[in-house]
Amino acid sequence: MTPTEVPFWITLIGNFGFPIALTIYLFLRFEKKLEKLAEVIMQLAEVINTTKK
């Protein structure tokens, strides 16, 4: 990286650093909720299967 590229990278990080960090944060939160949702769906499927018998 040359000294002429440094302002470019600073601007790039300044413009996109916050949105990237926010996206990662939200993705991690949604991932936990999706895992819980998948667990509940599996439990529901078990309940449905046991009531059919």
Side-chain angles (χ1 to χ4, degrees):
M1 179 166 47
T2 64
T4 58
E5 294 176 346
V6 172
F8 168 74
W9 286 106
I10 291 173
T11 303
L12 188 67
I13 291 171
N15 288 338
F16 296 107
F18 176 73
I20 290 171
L22 183 63
T23 301
I24 291 170
Y25 170 74
L26 291 175
F27 175 71
L28 292 175
R29 282 195 55 185
F30 288 139
E31 183 181 19
K32 291 176 187 175
K33 290 183 182 197
L34 287 175
E35 288 173 0
K36 180 66 176 170
L37 181 62
E39 183 181 314
V40 170
I41 290 172
M42 293 301 291
Q43 291 172 355
L44 180 61
E46 290 175 16
V47 169
I48 291 171
N49 286 334
T50 57
T51 57
K52 283 185 177 180
K53 293 179 182 178

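FYI, side chains are in, hydrogens and waters are out, and symmetry mates aren't considered; it's all heavy atoms of this structure. Keep in mind the model is a prediction, meaning the values are calculated, not measured.
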Side chain to side chain contact (heavy atoms under 4.5 Å, CB included) between Gln43 and Val47, intermediate numbers included: CA-CA 6 Å; Gln43 291 172 355; Val47 169; 5.6 Å; no
Any pair counted as salt bridge (Lys or Arg N to Asp or Glu O under 4.0 Å), so long as it reaches residues 14-39, sequence neighbours left out: Lys36-Glu39
For residues 11-23, which side-chain N or O atoms pair as donor and acceptor with protein atoms under 3.5 Å away, sequence neighbours left out?
unit_1: Thr11; atom_1: OG1; unit_2: Pro7; atom_2: O; d: 2.8
unit_1: Asn15; atom_1: ND2; unit_2: Thr11; atom_2: O; d: 3.3
unit_1: Thr23; atom_1: OG1; unit_2: Pro19; atom_2: O; d: 2.7

Same cluster (ILVMFWY, side-chain, under 4.5 Å), Phe30 and Ile24: no
